[in-house]
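For this chain, numbers begin at 1 and follow the sequence in order. In what follows, every heavy atom counts, from backbone to side chain, and hydrogens, waters and symmetry copies are set aside. Note that the structure is a prediction, hence the values are computed from the model and not measured.
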Amino acid sequence: MKRNASALQEAAVPRPGARGRSQKRAEQERAVNTRRAILDAALAEFAEKGFDAASIRVIAERTGLQHPLITYHFRNKDILWRSAAEYAFEQIREEWDRLDETHAGMPSLDRLRAEYRTLFKYTVAFPEFHRFMRQECTTNNPRLKWVARTVVMPLIDRLLPQIAALQKEGVLPQMEPILFHYMMVSLTAMLAEFGPEMRVTGKLAADDPGVVTSYWRAVEQMVFGKSPSDSEIDALTPRRSG
């Protein structure tokens with residue numbers, strides 16, 4: 001019995017270095033969460049004011065963090081803007097990658113529908129994302145060129161071959177594939193773009209689950225000739241972390 005008690009005691013005592021590793025993991029997790037909070041606040045600030053008028057100090061206030069902590073993670077506003085763009089598109093890319101893993105045999109049309117549905121879901125949950133991008137599309141500035149080349153084109157390159165193949169099958173409207181893509185982007189962004197106006201003119205809330213689902217059912221029916229299933233529609237309910 002004494003031997004068993006001794007073994008239990010020894011097992012309860014952290015091994016050398018275990019406490020340090022646990023503390024390091026906790027610190028890494030805090031750092032990741034801090035970066036996410038900063039990037040979410042940066043998206044909102046840049047979306048509202050544009051790059052020039054946005055303030056790192058205000059971003060710090062949005063997060064409740066000290067200004068030096070923002071510049072510790074992101075040395076200047078340009079780096080923060082680029083990081084925010086990469087952060088937003090990375091979340092969309094991760095959802096598309098999960099489709100690759102979990103729906104490998106999905107029919108081509110259903111896959112394209114799911115990819116644009118993912119983009120719509122993100123812009124509903126984070127309307128700042130569309131406004132963030134729109135701020136940079138007003139002028140032909142270096143940030144627009146950078147984000148188009150570095151972040152946007154790799155995603156578009158995944159979509160265009162699918163669009164062209166489905167057009168060849170006769171199941172999508174005939175137009176330049178890139179035009180079809182931006183038509184779909186405009187449809188995914190409609191609630192983010194016109195939500196405030198709709199609240200005034202139609203007394204509709206763009207983040208109301210009923211509005212979200214009825215709108216996207218209509219989009220998929222009109223464009224793809226198919227409506228989302230109930231489970232696919234349930235997944236559209238706007239949710240955001242934090």
Side-chain angles (χ1 to χ4, degrees), residues 34-65 67 69-71 73-96 115-116 118-159 178-201 204-207 212 215 219 238-242:
T34 297
R35 284 177 62 88
R36 285 176 178 166
I38 293 169
L39 292 170
D40 282 338
L43 274 171
E45 175 74 0
F46 288 127
E48 181 181 328
K49 300 176 182 175
F51 179 83
D52 292 332
S55 163
I56 288 183
R57 193 167 300 280
V58 173
I59 291 169
E61 292 172 0
R62 286 177 182 265
T63 59
L65 300 172
H67 180 274
L69 189 56
I70 307 293
T71 53
H73 286 280
F74 306 97
R75 291 196 310 276
N76 57 50
K77 191 163 67 169
D78 186 66
I79 290 173
L80 179 54
W81 187 92
R82 294 180 185 220
S83 298
E86 289 178 322
Y87 168 71
F89 281 97
E90 179 62 26
Q91 294 180 73
I92 296 166
R93 182 164 49 245
E94 286 176 357
E95 287 292 327
W96 287 3
E115 287 168 333
Y116 281 114
T118 295
L119 180 57
F120 173 67
K121 179 182 177 182
Y122 186 79
T123 57
V124 168
F126 294 87
E128 301 93 339
F129 168 65
H130 168 66
R131 298 167 194 159
F132 171 87
M133 290 299 296
R134 186 185 61 189
Q135 287 281 4
E136 301 308 312
C137 289
T138 55
T139 58
N140 190 22
N141 60 55
R143 288 180 302 281
L144 176 60
K145 293 179 180 179
W146 176 86
V147 77
R149 180 181 66 252
T150 308
V151 184
V152 178
M153 280 309 303
L155 295 185
I156 290 177
D157 287 343
R158 293 174 64 157
L159 295 170
I178 193 71
L179 285 179
F180 178 88
H181 167 69
Y182 278 106
M183 178 186 76
M184 290 304 302
V185 168
S186 68
L187 290 171
T188 63
M190 193 281 284
L191 295 182
E193 177 72 21
F194 293 105
E197 183 177 325
M198 285 196 314
R199 189 179 290 273
V200 175
T201 59
L204 293 177
D207 58 353
V212 170
Y215 170 71
V219 167
R239 284 185 293 270
R240 58 191 303 165
S241 59

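Distance check, rounded to the nearest 0.5 Å: CZ of Arg62 to OG of Ser55 gives 10.0 Å. Here the CE-NE2 distance, from Met190 to His130, works out to 11.0 Å after rounding to the nearest 0.5 Å. Going from atom CD1 of Ile59 over to atom NZ of Lys49 covers 8.5 Å, rounded to the nearest 0.5 Å. Interatomic distance, CD1 of Ile56 versus CG of Asn76, reported as 7.0 Å (0.5 Å rounding). Rounding to the nearest 0.5 Å gives a distance of 9.5 Å between CG of Leu155 and CD of Glu115. One finds the CD atom of Gln135 at 10.0 Å from the CZ atom of Arg143 (value rounded to the nearest 0.5 Å).
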Test side-chain contact (heavy atoms from CB on, under 4.5 Å) applied to Leu69 and Thr34, step by step: CA-CA 9 Å; Leu69 189 56; Thr34 297; 4.1 Å; yes
Could you walk me through whether Leu80 and Ile38 pass the side-chain contact (heavy atoms from CB on, under 4.5 Å) check? CA-CA 9 Å; Leu80 179 54; Ile38 293 169; 3.9 Å; yes
Residue pair Phe132, Trp81: steps toward the ring-ring contact (aromatic ring centres under 6.0 Å, His included) verdict: CA-CA 10 Å; Phe132 171 87; Trp81 187 92; 5.0 Å; yes
If you apply the rule side-chain contact (heavy atoms from CB on, under 4.5 Å), what do you find for Glu197 with Phe194, and how did you get there? CA-CA 5 Å; Glu197 183 177 325; Phe194 293 105; 3.9 Å; yes
Can you check side-chain contact (heavy atoms from CB on, under 4.5 Å) on Leu39 and Phe74, steps first, answer last? CA-CA 10 Å; Leu39 292 170; Phe74 306 97; 3.7 Å; yes
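Heavy atoms of other residues, nucleotides or ligands lying less than 6.0 angstrom from NZ of Lys145 number 12 at most. Counting heavy-atom neighbours within 6.0 Å of Arg158 CZ, excluding the residue itself, gives a total above 12.
A salt bridge links Asp78 to Arg82: one of the charged nitrogens lies within less than 4.0 Å of a carboxylate oxygen. At a threshold of 4.0 Å, the pair Glu193-Arg134 counts as salt-bridged, since one of the basic side-chain nitrogens sits closer than that to a carboxylate oxygen. Taking a cutoff of 4.0 Å between a charged side-chain nitrogen and a carboxylate oxygen, Arg131 and Glu128 do not qualify as a salt bridge.
The aromatic rings of Phe46 and Phe51 sit parallel to each other, their planes meeting at less than 30°, with 60° as the upper class boundary.
Panel note: side chain Lys77, backbone Ala54; a donor-acceptor pair is recorded below 3.5 Å. The backbone N or O of Asn141 lies less than 3.5 Å from no partner atom in the side chain of Glu136, so there is not a single donor-acceptor pair. Using a distance-only test at 3.5 Å, with no hydrogens or angles considered, no donor-acceptor pair links the side chain of Thr150 to the main chain of Val147.
Screening Thr118, Leu119, Val219 for a side chain to side chain contact (heavy atoms under 4.5 Å, CB included) involving Thr188 leaves a single residue, Leu119.
For Leu43 against Ala88, the heavy-atom pair with the smallest separation is CD1-CB, 4.3 Å. Listed here is the closest heavy atom pair of Phe120 and Leu191: CZ-CD1, 3.8 Å. Minimum heavy-atom separation, Met153 to Arg149: CB-O, 4.1 Å.
The shortest distance between side-chain heavy atoms of Met184 and Leu187 falls below 4.5 Å. Side-chain contact between Tyr116 and His181 is present, with at least one heavy-atom pair separated by less than 4.5 Å. Within the 4.5 Å cutoff, the side chain of Leu159 has heavy atoms near those of the Trp96 side chain.
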